[in-house]
J.: 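Take this structure first; my questions come after.
These figures come from a predicted structure and were not determined experimentally. Only heavy atoms go into these numbers, but all of them, side chains included; no hydrogens, no water, no symmetry mates.
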Amino acid sequence: MATKTKYETTLTLPSDKEILMTKKFEAPREVVWEAITDPDLIPKWWGFARDKTEVKKMDVRKGGKWQFITQTSGGEVVDFHGTYREVVAPEKLVYSFLFGDMPEGDGFVEITLVEKDGVTELRDRGVFNSKEERDAVIATGMESGARETYERLSELVATLIA
(Lines give C-alpha, C1' and ligand atoms only; values in the text may rest on other atoms or scores of the structure.)
Protein backbone atom coordinates (compact mmCIF):
# COMPACT_ATOMS: atom_id res chain seq x y z
CA MET A 1 0.00 0.00 0.00
CA ALA A 2 1.34 3.44 -0.90
CA THR A 3 1.66 5.95 1.89
CA LYS A 4 -1.02 8.59 1.53
CA THR A 5 -0.37 10.71 4.59
CA LYS A 6 2.63 12.85 5.46
CA TYR A 7 4.20 10.56 8.06
CA GLU A 8 5.06 6.90 7.58
CA THR A 9 4.69 4.19 10.19
CA THR A 10 8.05 2.97 11.40
CA LEU A 11 8.62 -0.48 12.83
CA THR A 12 11.65 -1.56 14.85
CA LEU A 13 12.60 -4.45 17.11
CA PRO A 14 14.19 -2.83 20.20
CA SER A 15 14.70 -6.16 22.00
CA ASP A 16 14.04 -9.89 21.53
CA LYS A 17 10.55 -9.50 23.00
CA GLU A 18 9.45 -6.15 21.57
CA ILE A 19 7.98 -4.58 18.46
CA LEU A 20 7.88 -0.78 18.40
CA MET A 21 5.82 1.10 15.85
CA THR A 22 5.56 4.87 15.65
CA LYS A 23 3.29 7.09 13.61
CA LYS A 24 2.81 10.85 13.67
CA PHE A 25 -0.49 12.63 13.19
CA GLU A 26 -1.08 16.30 12.44
CA ALA A 27 -3.62 16.62 15.24
CA PRO A 28 -3.86 17.23 18.97
CA ARG A 29 -3.39 14.08 21.01
CA GLU A 30 -6.94 14.38 22.38
CA VAL A 31 -8.21 13.77 18.84
CA VAL A 32 -5.93 10.76 18.34
CA TRP A 33 -7.02 9.47 21.75
CA GLU A 34 -10.67 9.79 20.74
CA ALA A 35 -10.01 7.84 17.54
CA ILE A 36 -8.37 4.95 19.39
CA THR A 37 -10.83 4.76 22.29
CA ASP A 38 -14.23 5.44 20.72
CA PRO A 39 -15.89 2.10 19.83
CA ASP A 40 -17.86 3.75 17.02
CA LEU A 41 -14.60 4.84 15.33
CA ILE A 42 -12.62 1.58 15.63
CA PRO A 43 -14.25 -0.14 12.60
CA LYS A 44 -13.25 2.84 10.47
CA TRP A 45 -9.51 2.22 10.88
CA TRP A 46 -8.80 -1.18 12.46
CA GLY A 47 -7.11 -3.65 10.10
CA PHE A 48 -7.19 -3.82 6.34
CA ALA A 49 -9.80 -1.71 4.52
CA ARG A 50 -11.00 -4.83 2.70
CA ASP A 51 -11.88 -6.50 6.03
CA LYS A 52 -14.78 -5.73 8.34
CA THR A 53 -14.32 -5.21 12.08
CA GLU A 54 -17.03 -5.18 14.71
CA VAL A 55 -16.48 -3.96 18.26
CA LYS A 56 -18.06 -6.43 20.68
CA LYS A 57 -16.69 -4.92 23.91
CA MET A 58 -14.71 -1.80 24.69
CA ASP A 59 -14.66 -0.79 28.35
CA VAL A 60 -11.73 1.64 28.37
CA ARG A 61 -10.81 1.65 32.06
CA LYS A 62 -8.32 -0.29 34.14
CA GLY A 63 -9.57 -3.88 34.28
CA GLY A 64 -12.05 -3.28 31.45
CA LYS A 65 -12.27 -5.75 28.57
CA TRP A 66 -12.10 -5.19 24.83
CA GLN A 67 -12.99 -7.46 21.94
CA PHE A 68 -12.95 -6.80 18.19
CA ILE A 69 -14.11 -9.41 15.69
CA THR A 70 -12.60 -9.06 12.23
CA GLN A 71 -14.06 -10.81 9.21
CA THR A 72 -11.30 -10.95 6.61
CA SER A 73 -11.90 -10.67 2.89
CA GLY A 74 -10.84 -14.32 2.71
CA GLY A 75 -13.66 -15.39 5.03
CA GLU A 76 -11.55 -15.90 8.15
CA VAL A 77 -12.95 -14.64 11.46
CA VAL A 78 -10.33 -13.34 13.89
CA ASP A 79 -11.17 -12.62 17.52
CA PHE A 80 -8.88 -9.91 18.96
CA HIS A 81 -9.37 -9.27 22.66
CA GLY A 82 -7.75 -8.35 25.95
CA THR A 83 -7.89 -6.40 29.18
CA TYR A 84 -7.00 -2.76 29.79
CA ARG A 85 -4.22 -2.63 32.36
CA GLU A 86 -3.61 1.13 32.49
CA VAL A 87 -5.60 4.05 31.12
CA VAL A 88 -4.29 7.62 31.40
CA ALA A 89 -6.33 9.78 29.02
CA PRO A 90 -5.17 11.19 26.63
CA GLU A 91 -1.59 9.97 26.91
CA LYS A 92 -1.25 6.28 27.71
CA LEU A 93 -3.13 3.04 27.15
CA VAL A 94 -1.78 -0.36 28.22
CA TYR A 95 -3.64 -3.58 27.45
CA SER A 96 -3.20 -7.24 26.76
CA PHE A 97 -3.51 -8.14 23.09
CA LEU A 98 -4.67 -11.66 22.33
CA PHE A 99 -6.21 -13.33 19.35
CA GLY A 100 -8.03 -16.61 18.96
CA ASP A 101 -7.58 -18.87 21.96
CA MET A 102 -4.18 -17.41 22.86
CA PRO A 103 -3.77 -17.53 26.66
CA GLU A 104 -3.32 -14.34 28.69
CA GLY A 105 0.33 -13.96 29.64
CA ASP A 106 2.65 -11.18 30.67
CA GLY A 107 2.74 -9.64 27.20
CA PHE A 108 1.07 -6.30 26.56
CA VAL A 109 0.70 -3.36 24.22
CA GLU A 110 1.59 0.12 25.44
CA ILE A 111 0.29 3.05 23.41
CA THR A 112 1.68 6.48 24.28
CA LEU A 113 0.69 9.76 22.68
CA VAL A 114 3.16 12.67 22.81
CA GLU A 115 2.16 16.00 21.28
CA LYS A 116 4.66 18.61 20.16
CA ASP A 117 3.90 21.67 18.04
CA GLY A 118 0.51 20.33 16.97
CA VAL A 119 1.86 16.95 15.88
CA THR A 120 1.10 13.87 17.96
CA GLU A 121 3.45 10.91 17.90
CA LEU A 122 1.81 7.59 18.65
CA ARG A 123 4.21 4.97 20.01
CA ASP A 124 2.84 1.41 19.89
CA ARG A 125 5.13 -0.86 21.90
CA GLY A 126 4.26 -4.54 21.91
CA VAL A 127 5.98 -6.62 24.58
CA PHE A 128 5.70 -10.38 24.12
CA ASN A 129 6.18 -13.31 26.47
CA SER A 130 9.13 -14.61 24.44
CA LYS A 131 11.17 -14.02 21.31
CA GLU A 132 9.39 -16.98 19.72
CA GLU A 133 5.99 -15.38 20.36
CA ARG A 134 7.16 -12.04 18.94
CA ASP A 135 8.64 -13.72 15.87
CA ALA A 136 5.44 -15.73 15.33
CA VAL A 137 3.45 -12.49 15.31
CA ILE A 138 5.86 -10.96 12.80
CA ALA A 139 5.57 -14.10 10.65
CA THR A 140 1.80 -13.54 10.35
CA GLY A 141 2.53 -10.55 8.13
CA MET A 142 1.42 -8.11 10.80
CA GLU A 143 3.69 -5.37 9.50
CA SER A 144 1.65 -4.70 6.36
CA GLY A 145 -1.56 -4.84 8.40
CA ALA A 146 -0.17 -2.43 10.98
CA ARG A 147 1.01 0.00 8.30
CA GLU A 148 -2.40 0.00 6.61
CA THR A 149 -4.16 0.26 9.98
CA TYR A 150 -2.17 3.32 11.00
CA GLU A 151 -2.60 4.87 7.56
CA ARG A 152 -6.36 4.44 7.91
CA LEU A 153 -6.20 5.90 11.43
CA SER A 154 -4.32 8.90 10.08
CA GLU A 155 -6.99 9.45 7.43
CA LEU A 156 -9.72 9.21 10.09
CA VAL A 157 -7.94 11.62 12.42
CA ALA A 158 -7.71 14.14 9.55
CA THR A 159 -11.50 14.00 9.17
CA LEU A 160 -12.00 14.52 12.92
CA ILE A 161 -10.08 17.80 12.92
CA ALA A 162 -11.50 19.10 9.60
J.: Output the distance between atom CZ (Arg125) and atom CD1 (Ile19), rounded to the nearest 0.5 Å.
T.: 12.0 Å
J.: Taking only residues two or more places apart in sequence, or in another chain, which ones meet Trp46 in a ring pair (Phe, Tyr, Trp, His ring centres under 6.0 Å)?
T.: Phe68, Phe80
J.: Under a plain distance cut-off of 3.5 Å, with no hydrogens placed, do Glu18 and Ser15 share a side-chain donor-acceptor pair?
T.: yes
J.: Scan residues 105-150 for pairs that pass ring pair (Phe, Tyr, Trp, His ring centres under 6.0 Å), counting only residues two or more places apart or in two chains.
T.: none
J.: Among residues at least two apart in sequence or on other chains, which ones pass side chain to side chain donor-acceptor pair (under 3.5 Å) with Asp16?
T.: none
J.: Output yes when Lys56 and Glu54 qualify as a salt bridge under the 4.0 Å nitrogen-oxygen rule, no when they do not.
T.: yes
J.: Name the residue from Glu8, Glu151, Glu121 that meets the side chain to side chain donor-acceptor pair (under 3.5 Å) definition with Lys23.
T.: Glu151
J.: Sequence neighbours left out, what passes side-chain contact (heavy atoms from CB on, under 4.5 Å) with Ala49? Give chain and number order.
T.: Glu148, Arg152
J.: Name all residues meeting the side chain to side chain donor-acceptor pair (under 3.5 Å) criterion together with Ser73; count only those two or more places apart in sequence or in a different chain, and write none if there are none.
T.: Arg50
J.: Can you measure from OG1 (Thr53) to CD1 (Ile69) and round to the nearest 0.5 angstrom?
T.: 9.5 Å
J.: Between atom CD1 of Ile42 and atom CH2 of Trp66, what is the distance when rounded to the nearest 0.5 Å?
T.: 9.0 Å
J.: For the side chain to side chain contact (heavy atoms under 4.5 Å, CB included) test, which of Ile111, Thr83, Val60 pairs with Tyr95?
T.: Ile111
J.: Verify the neighbour count for atom CZ of Arg85: are there more than 12 heavy atoms of other residues, nucleotides or ligands below 6.0 Å?
T.: yes
J.: State whether Glu86 and Lys92 are salt-bridged, where the test is any N-O pair (Lys NZ or Arg NE/NH1/NH2 against Asp/Glu carboxylate O) under 4.0 Å.
T.: yes
J.: Distance from Asp124 atom CG to Glu110 atom CD, nearest 0.5 Å?
T.: 9.5 Å
J.: Would you please say whether a donor-acceptor pair under 3.5 Å links the side chains of Gln67 and Asp79?
T.: yes
J.: In Å and rounded to the nearest 0.5 Å, what is the CG to NZ distance from Asp106 to Lys17?
T.: 8.0 Å
J.: Quick one: list whatever passes side chain to side chain donor-acceptor pair (under 3.5 Å) with Ser96, sequence neighbours left out.
T.: Glu104
J.: If we ignore hydrogens and angles and just use 3.5 Å, is the side chain of Glu91 paired with the main-chain N or O of Leu113 as donor and acceptor?
T.: no
J.: To the nearest 0.5 angstrom, please state how far the CG atom of Leu156 sits from the CD1 atom of Ile36.
T.: 11.5 Å
